[in-house]
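A quick write-up on the structure given underneath.
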Amino acid sequence: MLRTAIVEVRAWEAFDSRGRPTVGCVVRVDGGGSGRAIVPSGASRGSHEVCELRDGGARYGGDGVRTAVWNVTGVLAAAVCGLDAADQAAVDAALQAADGTAALERLGGNAVLAVSLAAMLAVADETRTPLYRLLAGDAAPLLPLPMVNVVSGGAHAAGFLDIQDVLVVPVGASSFAEAMEWSWRVRAAAAALLEEQGGRSALVADEGGLAAPLGSNEAGVRLVAEGIERSGLAAGRDAAIAVDVAANQITARDGRIQLRAEHRVLSTPEWIDEVAAWCDRYPIVSIEDVLAEDDWTGWAEATERLGAGRQLLGDDLFVTNVDRLRRGVADGAANAVLIKPNQAGTFTSARGVVAAARDAGYVPVISARSGDTEQAWLADLAVGWRTGQIKVGSLTRSERTVKWNRLLQIEADHGAAAEFAGREALADNTRRRR
Ligand code: PGA
Ligand code: ZN
């Protein structure tokens, strides 16, 4: 038998960083190697993501994943045992076929992804190859430009702000380590400013960002802009700003944007005007989910209006799904796509979206979830797939720092030969159309 043939699949109910149950899984291969994966989970999920199977009922307030665990140890284990884990496409095809639905509704995307990831990690273990190197093949590894959460709102911070994230993007850094150091400086300066304004920097949100009732959404953006200034970095040249609106969360049934923190309700054109005004005032280089997931027309308008010199990033819009990405490309919606493996359900389908994005001139940004885990594989995916950008949350909490630490280590291991993506990784309509 092949050393990398799958001989055993086990699973259990684990916890994510928010303390909610999630699927943990070990895949063992014939040579004795094994891979262990714990699946992340979002709070502001897009409705077109693959299914996250939860038990309902009384256990864990309905959030238990016992059924998903049984699906792993039963149907899915039977489907992959004997297959070569090194043939990831075949493993993922078998997992998908066992479920039989596009959205993985029968067995659960959380069950399927656990096996898919654990199989990949088992190959890295068995072949004693760092995961990023396994994924990169002949290509050189590439350290990504990070987006680091500074101020949180929305579903990650008790609705203190309506927009979900205001992040720093250290665009002028010349290495990943410098990018982290500069991001730290901005976060520390923003925390100090918040304290001076009478706020509390001890309260951190789900992704480790500052959580504070700042009164208005613009005040959240301004705090990060002032943090950049206070840190001594040049706004726009050294450090810029990214915003994740997570508009699904604040779009009313009639399609209007509800800014509860400001007691205002805006139409789509009014909202685009508002964001355009922020773009005039602050060094914003990336805007994620500026509108809701099915507002294709609004997205095309927003991309036209805001996308010159700026990244328009689709998260809930695309949900790491190649068909939705193709629709976006056809409609001129967004110019970049967030890649979250658990939106896609398998490693292979997520990688397919990275490839499709590149073909279309869209930029991939790999991302953690707000309910993440103590595992670092996402960092290896960023480097091995050469995504060029990564979004992991803030600089506190171990489920975040484990990924930053992995990237810092990979860069240190490569010394002067390490390649860092930098500013060029950002999407920009003017560049795309050239
Ligand atoms: P989620 O949010 O993981 O809670 O869905 C992350 C994001 O919107 O980028
Ligand atoms: Zn998002």
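Remember, it's a predicted structure, so these values are computed and weren't measured experimentally.
- Two residues are said to be in side-chain contact when any heavy atoms from C-beta on lie closer than 4.5 Å; Leu313 and Ile287 fail this criterion.
- A donor atom on one side chain and an acceptor atom on the other are not found under 3.5 Å apart for His156 and Asn149.
- Looking at Glu288 and Lys391, their side chains come closer than 4.5 Å, going by heavy atoms from C-beta outward.
- For Asn248 and Thr251, the side-chain atoms include no donor-acceptor pair closer than 3.5 Å.
- Side-chain contact of Glu399 with Gln375: a donor-acceptor pair under 3.5 Å is absent, judged by distance alone.
- Between Leu113 and Pro341 the shortest side-chain heavy-atom distance falls below 4.5 Å.
- Panel note: side chain Arg133, backbone Gly384; no donor-acceptor pair is recorded below 3.5 Å.
- Taking CG from Asn217 and CG from Leu161, the interatomic distance works out to 5.5 Å, rounded to the nearest 0.5 Å.
- Side-chain contact of Gln96 with Asp92: a donor-acceptor pair under 3.5 Å is absent, judged by distance alone.
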Passes side chain to side chain donor-acceptor pair (under 3.5 Å), Gln343 versus Asp315? Steps please.
-> CA-CA 9 Å; Gln343 287 180 328; Asp315 171 12; 2.9 Å; yes
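- Taking CG of Asp165 as the reference point, atom CD1 of Ile241 lies at 13.0 Å (rounded to 0.5 Å).
- With Arg237 contributing its side chain and Val171 its backbone, the two residues share no donor-acceptor pair below 3.5 Å.
- Of all heavy-atom pairs between Ala37 and Leu117, the closest is CB-CB, 3.6 Å.
- Here the closest heavy-atom approach between residue Gln311 and residue Ala336 is recorded as CG-CB, 3.7 Å.
- No donor-acceptor distance shorter than 3.5 angstrom exists from the side chain of Asp30 to the backbone of Arg3, with no hydrogens or angles considered.
- Looking at Asp206 and Arg18, a side-chain N of the basic residue comes within less than 4.0 Å of a carboxylate O on the acidic one, giving a salt bridge.
- A salt bridge links Glu196 with Arg230: the distance from a Lys NZ or Arg NE/NH1/NH2 to an Asp or Glu carboxylate oxygen falls below 4.0 Å.
- One N or O on the side chain of Gln389 and one on the backbone of Ala425 form a donor-acceptor pair closer than 3.5 Å.
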Step by step, would you call Glu195 with Ser201 a side chain to side chain donor-acceptor pair (under 3.5 Å)?
-> CA-CA 6 Å; Glu195 295 269 350; Ser201 64; 2.6 Å; yes
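- Atoms CD1 and CZ, from Ile228 and Arg187 in turn, are 14.5 Å apart once rounded to the nearest 0.5 Å.
- Using the six-membered ring where Trp is involved, Phe420 and Phe176 have ring planes that are perpendicular, over 60° apart on the 30 and 60° scheme.
- Between the side chain of Arg66 and the main chain of Asp55, no donor-acceptor pair closer than 3.5 Å is present.
- Proximity of Pro146 to Met180: side-chain heavy atoms (C-beta onward) are separated by under 4.5 Å at one or more points.
- Asn335 places no side-chain N or O within 3.5 Å of a backbone atom of Tyr362 that could act as its donor or acceptor partner.
- The ring pair (Phe, Tyr, Trp, His ring centres under 6.0 Å) with Trp385 is formed by just one residue from the set Phe347, Trp377, Tyr132; it is Phe347.
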Assess whether side chain to side chain contact (heavy atoms under 4.5 Å, CB included) is satisfied between Phe15 and Thr373, documenting all intermediate values.
-> CA-CA 8 Å; Phe15 288 106; Thr373 80; over 6 Å; no
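- Taking CG of Leu167 as the reference point, atom OG of Ser183 lies at 9.5 Å (rounded to 0.5 Å).
- Of the charged side-chain nitrogens involved, none lies within less than 4.0 Å of a carboxylate oxygen, so that Arg260 and Glu262 do not count as a salt-bridged pair.
- Side-chain atoms of Arg406 never come within 3.5 Å of backbone atoms of Ala379 as a donor-acceptor pair (strictly under, hydrogens ignored).
- Salt bridge Asp125/Arg28: absent, no basic N to carboxylate O contact under 4.0 Å.
- With salt bridges taken as basic N to acidic carboxylate O contacts below 4.0 Å, none links Arg397 and Glu207.
- Without hydrogens or angle criteria, Glu126 side chain to Gly33 main chain gives a donor-acceptor distance under 3.5 Å.
- Val148 pairs with exactly one of Trp404, Trp182, Trp184 by the side-chain contact (heavy atoms from CB on, under 4.5 Å) rule, that one being Trp404.
- Separating the CD atom in Gln164 from the OG atom in Ser370 is a distance of 7.0 Å, to the nearest 0.5 Å.
- In this structure, Leu76 and Val80 have side chains that are not in contact, with every pair of non-hydrogen atoms separated by 4.5 Å or more.
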With side chain to side chain donor-acceptor pair (under 3.5 Å) as the test, would you mind laying out the steps for Asp294 and His48 before giving the verdict?
-> CA-CA 10 Å; Asp294 290 318; His48 304 288; 2.9 Å; yes
Determine, step by step, whether Glu293 and Arg45 satisfy the salt bridge (Lys or Arg N to Asp or Glu O under 4.0 Å) criterion, reporting the C-alpha distance in whole Å, the side-chain angles of both residues, the deciding distance to 0.1 Å, and the verdict.
-> CA-CA 10 Å; Glu293 60 194 6; Arg45 292 169 47 77; over 6 Å; no
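- Nearest heavy-atom pair, Ala114 versus Val23, reported as atom, atom and distance to 0.1 Å: CB-CG1, 3.7 Å.
- A donor-acceptor distance shorter than 3.5 angstrom exists from the side chain of Glu178 to the backbone of Ser174, with no hydrogens or angles considered.
- Proximity of a side-chain donor or acceptor of Gln88 to a complementary backbone N or O of Ser116 within less than 3.5 Å is detected.
- Here the straight-line distance linking atom CG of Asn110 with atom CD1 of Ile38 works out to 13.5 Å at 0.5 Å rounding.
- Looking only at side-chain heavy atoms (C-beta outward), Ile339 and Val365 stay at 4.5 Å or farther from each other.
- Side-chain atoms of Asp16 and Thr22 include no donor-acceptor pair closer than 3.5 Å.
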So Arg400 and Glu374, salt bridge (Lys or Arg N to Asp or Glu O under 4.0 Å) or not? Walk me through it.
-> CA-CA 8 Å; Arg400 313 292 149 191; Glu374 65 276 21; over 6 Å; no
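- At least one side-chain heavy atom of Arg185 sits less than 4.5 Å from a side-chain heavy atom of Leu233.
- Comment: Glu13 engages Arg59 in a salt bridge, judged by a side-chain N to carboxylate O separation of less than 4.0 angstrom.
- Comment: Asp372 engages Lys403 in a salt bridge, judged by a side-chain N to carboxylate O separation of less than 4.0 angstrom.
- Side-chain polar atoms of Asp289 and Gln249 form no donor-acceptor pair below 3.5 angstrom.
- Ring centroid separation for the pair Trp271 and Trp278 comes in under the 6.0 Å cut-off.
- Between the side chains of Thr129 and Thr127, a donor-acceptor pair is found at a separation under 3.5 Å.
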CA sep, side-chain torsions, deciding dist, call: Leu107, Val75, side chain to side chain contact (heavy atoms under 4.5 Å, CB included) | CA-CA 8 Å; Leu107 303 174; Val75 185; 4.0 Å; yes
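- Salt bridge status for Asp63 with Arg20: present, with a side-chain N to carboxylate O gap under 4.0 Å.
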Kindly indicate, with the supporting measurements, whether the criterion salt bridge (Lys or Arg N to Asp or Glu O under 4.0 Å) is fulfilled by Asp428 and Arg310.
-> CA-CA 5 Å; Asp428 166 353; Arg310 207 166 287 111; over 6 Å; no
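- For the pair Leu223 and Leu193, the minimum side-chain heavy-atom distance is below 4.5 Å.
- Ala119 and Ala85 get closest at one heavy-atom pair: O-CB, 3.8 Å.
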